[in-house]
Participant: 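Quick one: the structure is below, and I'll ask about it shortly.
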Amino acid sequence: MLETALKGNRTYWVWLGILALIIGAGFVVYLQQFKIGLGITGMSRDVSWGFYIAQFTFLVGVAAGGVMIVLPYYLHDYKAFGKITILGEFLAVSAISMCLMFIIADLGQPMRALNVILHPTPRSMLFYDMIVLNGYLFLNIFVGWIVLQCERNSVPPPKWIKPFIYISIPFAFGIHTVTAYLYCGLPGRHFWLTAILAPRFLSSAFAAGPAFLILLCFILRKFTSFDAGEKAIQTVSKIVTYAIIANVFFFGCEVFVAMYSGIPGHVVHLKYLFVDGILAPWMWTSMALMLLAILLLLYPPTRRNESVLIVACILVFAGTWIDKGLGMISGGFVPNPLHQMNEYAPTGMELMITLAVWAAGFFILTVLYKMAVTVKEETA
Amino acid sequence: MEKSRRSFLKIAGVAALGVGFTKPTLNAYASSVVGPHPQIGDKALSAHHWGMVIDTRKFHSEKDLEPIVEACHKAHNVPDFSDMPNATSAEKKRHEIKWIWGEPYHNAFTDKENHYQSHRIEHLSFPVLCNHCEEPPCVLACPTKATFRRDDGIVLMDFHRCIGCRFCMAACPYGSRSFNFVDPRRAENLKEETCPDFPTRMKGVVEKCNLCAERLAKGLQPACAEASKGAIAVGDLGDPHSNVRVLLEHNFSIRRKPSLGTEPSVYYIV
């Protein structure tokens, strides 16, 4: 099926060419990081995780978001999603690929990465993260590929694929739950030490992932003959609506507990993010974007208006990205365990590597979507 | 085609034989030279549970801490980037590596702050280091067992196994861990002179205080204790008659963040 991705029009190749250039440029910068060390980043003794791990966290969410299409279709036989399940699965594949690249980019000794398998340590949450992330990647490639192949051959998918599909659903919840457990099980990091972190991660995932999918559907409709259909898009947008409301609500619960109890360890991180720190304008922007998106999505006439829906989806994606891709990690590390304020800001080189990983993700996504769309066009 | 396949198989066969022979041969040499732990000599000091008692009453100014920090960092080849050429002051601070250093009371004991503090406590610099916790969160977090707790309570690092994921740094509630963001061997102080009794590190791994496990194994007191003129005592917390237990029995002491349940093995007499 891969051969379908080798035939494309000018726009397709120019787009892939641009992405390849960014990947190449980022790789050169990565070689520099490989040689010098993580010292080329803005990370420090106090903020020991930065932009890479933040992107990883956000993208695990985007990957998990794909399940919001898979679940209604396979568990509730919601037929309108039949056409777009493959998009959800392939979005998950590209997002998880980015996650794995960000993990490797973040390792001080990437050549030793396989020590995690060589010396398996089941008491470490990273051990489980490795299992669920790779498992989810495999499941989505496998299921997506088999189902698409059958569609191409005009035969129904084999029965034995069903268990893999059903397993992929808890795996989707699993990847983001375990990712939250990386953070919320650490004593002394009060910003993360909260039982609502995993639910909050999931709600933001189920908003960001499907919102991105809606945008992708509109892009596909513009550049190809693929049309997801009004009904599917409207249903996904309702999922986005309630997920983003849940996300803001969970954050509100967090703010209430911290501010009303007034316990300094909890207050100080929120105060850093929203008042004292360099991220304050970003965090307020994030809140404004998410609240505005809720208004636009909740009111049916604006939600049904395609242009407004596109804007709302961009607001959701940008709002949740700032929340998780910027604030979530710095917020936990500043102030440090000794209550000292040492700020973090990514360096240019760090941003270039980050951009290249995103480009690599979009490259994978483009190729996979090209395959899916070609098959749909062939069989239409 | 035939020929190249045959020659390939030949080469593959020889290579497989080579691998088969090399491993046991290397192992035979290896086992006679190094074991899993530093060699324990006759003079080695041992304990059920190593711990430290710091008598802060014996410190009067930050100056009193300097020789202690210097002794530790010298004994363990801790890089000093403070006079690194071509590095900005922000970079120097970010890449800093420290095993033991001084902090004001309100930074060292964040959950025991008071508005009104005695003049002495307010202006004292408290030595902080790895607490060698009984329930170390860093050991729980490490995905490769590169950081581990020995039976005698010392929390150690295997610099050769660490993948540099820095999960342990996020897990440590005391900020006791440092990461080699750049090659530590490039630091000016290590270019001049290194201590042969302890390895230098490579970039990309985490490091921290090891309670001088390598010195205890030779029957020596930890470097900080030796340089402290009696202010730091290291001994067996599991033995009621040990130096540290006697000190704790006769003096009021505190530990850092005991409410987290990590059970630090470093006690402070204030």
Side-chain angles (χ1 to χ4, degrees), chain A residues 34-49 53 103 106-130 182-183 185-190 192-193 264-265 268 329 332-333 335-340 342-345 347, chain B residues 81 87 90-91 93-98 103-104 106-111 113 128 135 137 139-146 148 158-184 186 202-206 256-257 259-262:
Chain A
F34 191 79
K35 191 169 152 238
I36 297 173
L38 282 163
I40 63 137
T41 69
M43 285 185 270
S44 63
R45 211 180 168 283
D46 289 322
V47 186
S48 47
W49 281 338
I53 292 296
I103 296 261
D106 191 66
L107 290 184
Q109 284 292 332
M111 306 301 278
R112 296 181 189 165
L114 291 181
N115 275 4
V116 177
I117 298 166
L118 210 58
H119 308 286
T121 312
R123 61 175 176 236
S124 170
M125 278 302 124
L126 263 180
F127 175 77
Y128 297 98
D129 217 29
M130 174 196 69
L182 293 181
Y183 304 107
L186 305 176
R189 301 281 182 187
H190 289 299
W192 300 327
L193 192 72
V268 76
I329 306 303
F333 279 118
N336 75 2
L338 296 117
H339 288 194
Q340 293 148 336
N342 288 315
E343 294 259 25
Y344 160 80
T347 62
Chain B
F81 297 115
E91 272 170 348
K93 187 170 165 53
R94 287 208 302 266
H95 303 163
E96 192 180 19
I97 303 221
K98 35 191 187 182
E103 289 286 356
H106 64 271
N107 294 120
F109 300 95
T110 50
D111 52 358
E113 274 181 82
V128 292
E135 302 289 341
V139 170
L140 203 60
C142 179
T144 62
K145 304 189 194 83
F148 55 97
D158 181 341
F159 304 122
H160 297 276
R161 189 183 283 192
C162 174
I163 60 172
C165 72
R166 312 188 294 296
F167 200 6
C168 55
M169 295 176 77
C172 176
Y174 306 102
S176 295
R177 292 176 160 264
S178 306
F179 179 71
N180 286 288
F181 282 97
V182 290
D183 183 0
R186 279 174 47 221
M202 68 196 303
K203 68 165 190 282
V205 297
V206 172
R256 295 175 70 198
K257 302 189 184 182
S259 63
L260 298 180
T262 57

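Just so we're on the same page: letters track the sequence lines, and every chain starts at 1.
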Participant: Going by the rule ring-ring contact (aromatic ring centres under 6.0 Å, His included), which residues pair with A:His339 if we only count those two or more places apart in sequence or in a different chain?
Facilitator: none

Participant: Is it the side chain or the backbone of A:Met130 that comes within 4.5 Å of chain B heavy atoms, both, or neither?
Facilitator: neither

Participant: Backbone N or O of B:Lys203 within a donor-acceptor pair of the A:Gln109 side chain at under 3.5 Å?
Facilitator: yes

Participant: Checking the side chain of A:Arg45 only, and the main-chain atoms of B:Gly175 only, is there a donor and an acceptor separated by less than 3.5 Å?
Facilitator: yes

Participant: At a 4.5 Å cut-off on heavy atoms, which part of A:Pro120 comes close to chain B: side chain, backbone, both, or neither?
Facilitator: backbone

Participant: If I take atom CD1 from residue B:Ile163 and atom CG from residue A:Leu118, how far apart are they, to the nearest 0.5 angstrom?
Facilitator: 11.5 Å

Participant: Can you say whether A:Tyr344 sits under 4.5 Å from chain B via the side chain, the backbone, both, or neither, judging by heavy atoms?
Facilitator: neither

Participant: For the NZ atom on B:Lys145, are there more than 12 heavy atoms of other groups (residues, nucleotides or ligands in this structure) within a distance under 6.0 Å?
Facilitator: yes

Participant: Name the member of B:Pro104, B:Ala170, B:Ser178 that forms the most heavy-atom pairs with chain A at distances under 4.5 Å.
Facilitator: B:Ala170

Participant: Please classify the contact between B:Glu113 and chain A as side chain, backbone, both or neither, with a heavy-atom cut-off of under 4.5 Å.
Facilitator: side chain

Participant: Can you pull out every side-chain hydrogen bond (donor to acceptor under 3.5 Å, both in side chains) where at least one residue sits in residues 110-130 of chain A? Sequence neighbours excluded, please.
Facilitator: A:His119-B:Arg161, A:Asp129-A:Thr179

Participant: To the nearest 0.5 Å, what is the distance between NZ (A:Lys35) and CG (B:Asp183)?
Facilitator: 11.0 Å

Participant: For chain B, find which of A:Val116, A:Asn336, A:Ile117 contributes the most heavy-atom pairs closer than 4.5 angstrom.
Facilitator: A:Val116

Participant: Looking at CE of B:Met169 and CG of A:Asp46, how far apart are the two atoms once the value is rounded to the nearest 0.5 Å?
Facilitator: 8.0 Å

Participant: When rounded to the nearest 0.5 angstrom, what is the spacing between CG in A:Leu114 and OG1 in B:Thr144?
Facilitator: 12.0 Å

Participant: Show the nearest heavy-atom pair for residues B:Cys165 and A:Trp49, with the distance to one decimal.
Facilitator: O-NE1, 2.8 Å

Participant: Looking only at heavy atoms and a cut-off of under 4.5 Å, which of A:Pro264, A:Gly265, A:Ser48 has the most pairs with chain B?
Facilitator: A:Ser48

Participant: Roughly how far, to the nearest 0.5 Å, is SG of B:Cys168 from CG of A:Leu186?
Facilitator: 11.0 Å

Participant: Take A:Thr347 and B:Glu91 through the test side chain to side chain contact (heavy atoms under 4.5 Å, CB included) and record every step on the way to the result.
Facilitator: CA-CA 11 Å; A:Thr347 62; B:Glu91 272 170 348; over 6 Å; no

Participant: Where does B:Val139 contact chain A at under 4.5 Å (heavy atoms): side chain, backbone, both or neither?
Facilitator: both

Participant: Side chain from CB out, backbone as N, CA, C, O: work out which of these in B:Arg177 comes under 4.5 Å of a heavy atom of chain A, or both, or neither.
Facilitator: backbone

Participant: Of the backbone (N, CA, C, O) and the side chain (C-beta and beyond), which part of B:Lys93 lies under 4.5 Å from a heavy atom of chain A, both, or neither?
Facilitator: side chain

Participant: Evaluate the side-chain proximity of A:Pro337 to B:Lys257: yes if any heavy-atom separation is below 4.5 Å, no if none is.
Facilitator: yes

Participant: Where on B:Phe167 is there a heavy atom nearer than 4.5 Å to chain A: the side chain, the backbone, both, or neither?
Facilitator: both

Participant: Do you know which of B:Ala108, B:Pro137, B:Cys162 has the most heavy-atom pairs with chain A at a distance under 4.5 angstrom?
Facilitator: B:Cys162

Participant: Identify which of A:Ser44, A:Gly188, A:Gly37 forms the greatest number of heavy-atom pairs closer than 4.5 Å to chain B.
Facilitator: A:Ser44

